[in-house]
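Nothing here was measured: the structure is a model prediction, and the numbers come from that model. All residue numbers in this chain count up from 1 along the given sequence.
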Amino acid sequence: MSDSRISAGKVVGWPPGHKKMLSTDLENILVVNVDGQFYAVSNTCPHAGGWLNYGPLTGFMIECPLHYWPFDVRTGDLINMEGSGLEEQLDTYPVEVENGEVFVLLD
């Protein structure tokens, strides 16, 4: 268990497909539930600073609401942009579920 973690809330009442934004002193983090698995990524698109929590989540893909850049929430990778020369990536954070509560590890 990490000393540096932040609660994202209880699993109960957080259905698949839903997302939550957490604020830390350093960054805004987006936590999503994809088919019962939780993932955490930077909430800020590295391209133009769009807040991803306003974009649609489809499966493992979160899309920036500004320019529609798609990112994989499992890896933070920019996807479906073959041949573009772009190598942008979101920061990712480990997530653990303990006693019905979701935690994002900040270490």
Side-chain angles (χ1 to χ4, degrees):
M1 179 170 26
S2 172
D3 293 330
S4 230
R5 65 185 189 166
I6 185 170
S7 173
K10 298 285 185 186
V11 172
V12 173
W14 188 345
H18 280 73
K19 51 197 173 198
K20 292 183 183 180
M21 186 186 75
L22 305 176
S23 293
T24 72
D25 292 338
L26 301 175
E27 181 171 17
N28 289 318
I29 298 171
L30 180 65
V31 185
V32 299
N33 178 348
V34 179
D35 296 327
Q37 294 293 313
F38 293 89
Y39 302 91
V41 296
S42 169
N43 190 46
T44 306
C45 177
H47 170 235
W51 282 22
L52 299 175
N53 63 304
Y54 291 115
L57 176 66
T58 306
F60 294 107
M61 184 185 76
I62 187 75
E63 189 175 81
C64 178
L66 295 182
H67 298 106
Y68 313 110
W69 282 26
F71 294 91
D72 188 320
V73 296
R74 298 170 293 184
T75 63
D77 292 339
L78 181 63
I79 54 176
N80 298 328
M81 302 286 277
E82 293 85 7
S84 68
L86 301 171
E87 296 182 16
E88 303 292 341
Q89 187 171 28
L90 300 173
D91 291 334
T92 60
Y93 301 88
V95 176
E96 60 184 27
V97 177
E98 183 179 301
N99 297 322
E101 190 167 357
V102 179
F103 293 96
V104 176
L105 308 181
L106 301 176
D107 289 343

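- In this structure, the side-chain contact (heavy atoms from CB on, under 4.5 Å) partners of Glu27, at least two apart in sequence or on a different chain, are Thr24, Ser42, Asp91, Tyr93.
- Surrounding NE2 of His47 are more than 12 heavy atoms belonging to other residues, nucleotides or ligands, all under 6.0 Å away.
- Of the candidates Val73, Asn33, Val32, Val32 is the only one forming a side chain to side chain contact (heavy atoms under 4.5 Å, CB included) with Lys19.
- Between Phe38 and Trp14, the ring-plane angle classifies as perpendicular under the 30° and 60° cut-offs.
- Residues Glu101 and Arg5 are not paired through a salt bridge, judged by the lack of any N-O separation under 4.0 Å between the basic side chain and the carboxylate.
- The two residues Leu78 and Pro70 have their closest heavy-atom pair at CD1-O, 3.3 Å.
- Of all heavy-atom pairs between Gly55 and Ile62, the closest is O-CD1, 3.6 Å.
- From Ile6, atom CD1 reaches atom CZ of Phe103 across 10.5 Å, with rounding to the nearest 0.5 Å.
- Scanning all heavy atoms of the two residues, the minimum distance from Gly49 to Leu66 falls at C-CD1, 4.4 Å.
- Summarising the geometry, atom CG belonging to Leu90 is positioned 12.0 Å from atom CD1 belonging to Ile29; distances are rounded to the nearest 0.5 Å.
- A pairwise comparison of heavy atoms in Pro46 and Glu88 identifies CB-OE1, 3.4 Å as the closest pair.
- Using a 4.5 Å cut-off between side-chain heavy atoms of Ile, Leu, Val, Met, Phe, Trp and Tyr, with links allowed through other members, Leu52 and Leu57 fall into the same hydrophobic cluster.
- Aromatic ring orientation, Trp69 versus Phe71: tilted (interplanar angle from 30° to 60°).
- Counting heavy atoms from C-beta outward, Val97 and Val102 have side chains that approach closer than 4.5 Å.
- Val41 and Trp51 sit in two unconnected hydrophobic clusters of ILVMFWY residues. Membership requires side-chain heavy atoms under 4.5 Å apart, directly or through other members.
- Legend: salt bridge (Lys or Arg N to Asp or Glu O under 4.0 Å) pairs involving residues 36-64, not counting sequence neighbours: none detected.
- With rounding to the nearest 0.5 angstrom, the CG atom of Asn53 is 9.0 Å from the OG1 atom of Thr44.
- Listed by chain and residue number, Phe60, Arg74, Thr75, Ile79 satisfy the side-chain contact (heavy atoms from CB on, under 4.5 Å) test with Asp72 (two or more places apart in sequence, or in another chain).
- Taking each heavy atom of Asn28 and Ser23 in turn, the nearest pair found is OD1-OG, 2.8 Å.
- Closest non-hydrogen pair, Gly50 versus Cys64, comes out as CA-SG, 4.0 Å.
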